[in-house]
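Each remark here refers to the structure printed beneath this line.
Computed from a predicted structure; not experimentally measured.
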Amino acid sequence: MTSLANFTDQDNAFVEDFRTMSTFGATSNGGVDRQAASVPDGEQRHWLKGLLEQHGFTVKFDVAGNQWGLYEPVPGAPFVVAGSHMDSQPTAGRYDGAYGVLAAAHAAFRLKAACAESGAGTPKYNIAVVNWFNEEGSRFKPSMMGSSVYTGKLELETALATTDAAGVSVREALDAIGCRGDYAGPEAAFCAEIHIEQGRSMEREGVTIGLVSSNWAANKYEFVVHGEQAHTGSTVIEDRKDALLGASMLVVAARELANQYPGVLHTSVGQLNVYPNSPVVVPSRVNLLLDLRSADEAVLAEADRLLHQRIAEIAALANVSIEQNHSHSWPVTPYQREGVELAAKVAADLGLSNKTVMTLAGHDSTNMKDLVPTVMLFVPSVDGISHNEHEYTTDEDIVAGLAMLTEVLQQLCAGALEPDVALTESA
């Protein structure tokens with residue numbers, strides 16, 4: 001790992017910018033709260049705009065609220081897209097997503113400066129630093145919204161019309177912070193993203209760089225449990241249609257499924273909205289979000305079947321009806337083998353310990369890899385803590401990750417992942 005004593009001026013500038021970035025939406029417990037298109041999100045987006053422009057990048061907001069910092073030494077050529085997201089959960093850590101955006105920006109700054117100083121020649125591809133809109137999905141659903149629009153997986157108008165709990169639409173929220181433009185986005189040739197692992201495996205094994213080879217599959221649902229309002233004191237138990245009881249049974253059913261497949265299946269219910277949420281009223285409606293995740297699609301399919309079988313049983317037991325709306329899902333899909341191999345070689349050349357890993361969480365790169373060859377990298381998370389104000393990655397690791405990303409971007413801009421012309425012609 002990099003030693004603090006060996007930090008260069010460029011490294012120190014990056015760490016200082018990270019400290020500044022973390023002040024936007026800062027919480028008292030050391031985390032951040034900057035949900036998509038909130039005031040703090042807007043503030044950090046405009047701060048990033050100034051930082052990019054200070055280094056000679058052109059900044060544009062696209063039609064879906066994605067923020068682009070463009071360096072175009074080869075007019076008309078496609079771009080290597082690098083970045084992540086800067087929106088957060090309601091009380092979140094400083095590193096999730098935001099680290100990847102700032103690392104992409106500083107990697108691009110280094111490449112631009114090196115090109116100007118050495119006269120080493122013009123790269124084959126341009127660079128686009130991206131801050132994707134609403135990756136987290138905490139205020140507006142679904143998650144990974146901006147990259148889904150960019151990759152054609154989600155209709156723009158559907159995204160813009162989506163509303164939060166207060167009835168504010170994405171369109172209105174983006175306009176309020178001045179971050180919705182008319183740009184369509186650059187043409188991508190390749191993509192790279194670096195992120196914290198959000199797990200413990202790398203830290204446990206003393207590994208500095210994770211080479212992401214594939215993602216877990218996921219099925220996400222919104223369930224609406226319908227019951228009937230009644231007095232909690234006077235209504236006899238057998239007459240009740242308690243929506244919260246039915247929802248609670250769903251929560252337990254999801255956990256029991258995970259227990260059936262230990263280490264292979266992850267399930268969760270992360271959000272419940274109870275109506276009317278009064279201490280003396282039996283709830284008449286509960287909305288909940290439930291997800292199933294696995295690296296084994298056969299296990300995921302079987303768990304999904306068992307869940308739906310259980311839904312009918314729960315509806316009868318709790319005397320409620322259960323409405324299901326599919327939120328979104330994705331299969332197990334690999335990152336391009338050539339990109340993983342390129343990253344492994346870069347890590348070896350830099351002397352950084354590394355291993356191949358899968359990503360259990362969704363990232364914007366899981367959308368991008370379906371569009372262009374994509375390299376996904378991880379740095380360790382201390383104690384595996386994430387989506388938590390105590391989320392932490394050491395300065396040594398974020399600087400090592402920056403060095404790794406810089407070299408990967410340099411290779412991508414030079415065309416390292418271009419298809420072999422000779423092989424193509426002989427095929």
Side-chain angles (χ1 to χ4, degrees), residues 25 27-29 31 33-41 87-92 134 136-143 145 158-174 176 219-258 267-292 307-329 387-389:
T27 64
S28 59
N29 289 324
D33 179 356
R34 47 179 186 236
Q35 295 182 72
S38 63
V39 170
D41 185 39
D87 68 305
S88 81
Q89 293 293 327
T91 47
N134 189 39
E136 292 291 355
S138 59
R139 182 181 179 189
F140 301 105
K141 290 175 277 295
S143 58
M145 181 178 281
T158 300
L160 293 177
T162 300
T163 57
D164 65 9
V168 178
S169 71
V170 167
R171 177 185 279 106
E172 292 167 336
L174 283 171
N219 288 347
K220 295 191 172 189
Y221 297 103
E222 179 176 9
F223 290 108
V224 186
V225 183
H226 297 280
E228 186 176 282
Q229 281 187 217
H231 196 296
T232 58
S234 61
T235 307
V236 297
I237 294 295
E238 55 266 30
D239 289 343
R240 297 186 187 188
K241 299 178 180 180
D242 189 337
L244 184 55
L245 174 63
S248 300
M249 289 178 173
L250 276 174
V251 173
V252 173
R255 180 54 179 264
E256 289 174 344
L257 279 173
T267 66
S268 66
V269 174
Q271 186 178 60
L272 287 171
N273 291 311
V274 181
Y275 182 84
N277 206 26
S278 168
V280 292
V281 179
V282 173
S284 61
R285 186 182 70 248
V286 177
N287 294 64
L288 68 142
L289 299 180
L290 185 153
D291 67 67
L292 313 172
L307 173 68
H308 285 81
Q309 177 180 302
R310 185 69 179 134
I311 288 170
E313 297 169 359
I314 290 170
L317 285 169
N319 197 22
V320 295
S321 63
I322 301 176
E323 172 190 347
Q324 174 189 302
N325 299 299
H326 182 255
S327 176
H328 60 308
S329 61
H387 285 186
N388 182 307
E389 291 167 296

Does Arg139 use its side chain to pair, donor to acceptor, with the backbone of Ala36 at less than 3.5 Å?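 Confirmed, Arg139 side chain pairs with Ala36 backbone.
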Would you say the side chain of [Y] lies within less than 4.5 Å of the side chain of [X], judging by non-hydrogen atoms?
X      : Y      : result
Thr91  : Asn29  : no
Asp164 : Gln35  : no
Gln324 : His308 : yes
Leu292 : Leu307 : yes

Listed pairs under 3.5 Å, donor-acceptor, residues 223-232 side chains, sequence neighbours left out:
| unit_1 | atom_1 | unit_2 | atom_2 | d |
| --- | --- | --- | --- | --- |
| His226 | NE2 | Glu323 | OE1 | 2.9 |
| His231 | ND1 | Gly233 | N | 2.8 |
| His231 | ND1 | Ser234 | N | 3.3 |

Quick one: salt bridge (charged side-chain N to carboxylate O under 4.0 Å, His left out) partners of Arg34, sequence neighbours excluded?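 Salt bridge (charged side-chain N to carboxylate O under 4.0 Å, His left out) list for Arg34, sorted by chain: empty.
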How long is the gap from CD on Gln271 to OG on Ser138, to the nearest 0.5 Å?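 Spacing of CD (Gln271) from OG (Ser138) equals 9.0 Å.
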Value rounded to 0.5 Å, distance of CG in Leu257 from CG in Leu290: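 Separation between the atoms: 8.5 Å.
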Hey, which of Val252, Leu244, Leu250 is the one that makes side chain to side chain contact (heavy atoms under 4.5 Å, CB included) with Ser248?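 Going through Val252, Leu244, Leu250 one by one, the side chain to side chain contact (heavy atoms under 4.5 Å, CB included) with Ser248 is satisfied by Leu244 alone.
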Single hit among Asn287, Leu289, Leu288 for side chain to side chain contact (heavy atoms under 4.5 Å, CB included) with Leu272: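 Of Asn287, Leu289, Leu288, side chain to side chain contact (heavy atoms under 4.5 Å, CB included) with Leu272 is met by Leu288 alone.
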Could you pull out the closest heavy-atom pair between [X] and [Y], with the gap in Å?
X      : Y      : value
Val282 : Asp242 : CG1-CA, 3.6 Å
Ala173 : Phe140 : CB-CZ, 3.8 Å
Pro276 : Val281 : CG-CG1, 3.5 Å
Asp33  : Pro90  : CG-O, 2.6 Å
Met145 : Val170 : SD-CG2, 4.0 Å

Would you please test Asp291 and Ser268 for side chain to side chain donor-acceptor pair (under 3.5 Å) and show each step? CA-CA 6 Å; Asp291 67 67; Ser268 66; 3.1 Å; yes
Identify, with sequence neighbours excluded, every residue that meets side-chain hydrogen bond (donor to acceptor under 3.5 Å, both in side chains) alongside Arg310.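 Only Glu313 meet the side-chain hydrogen bond (donor to acceptor under 3.5 Å, both in side chains) criterion with Arg310.
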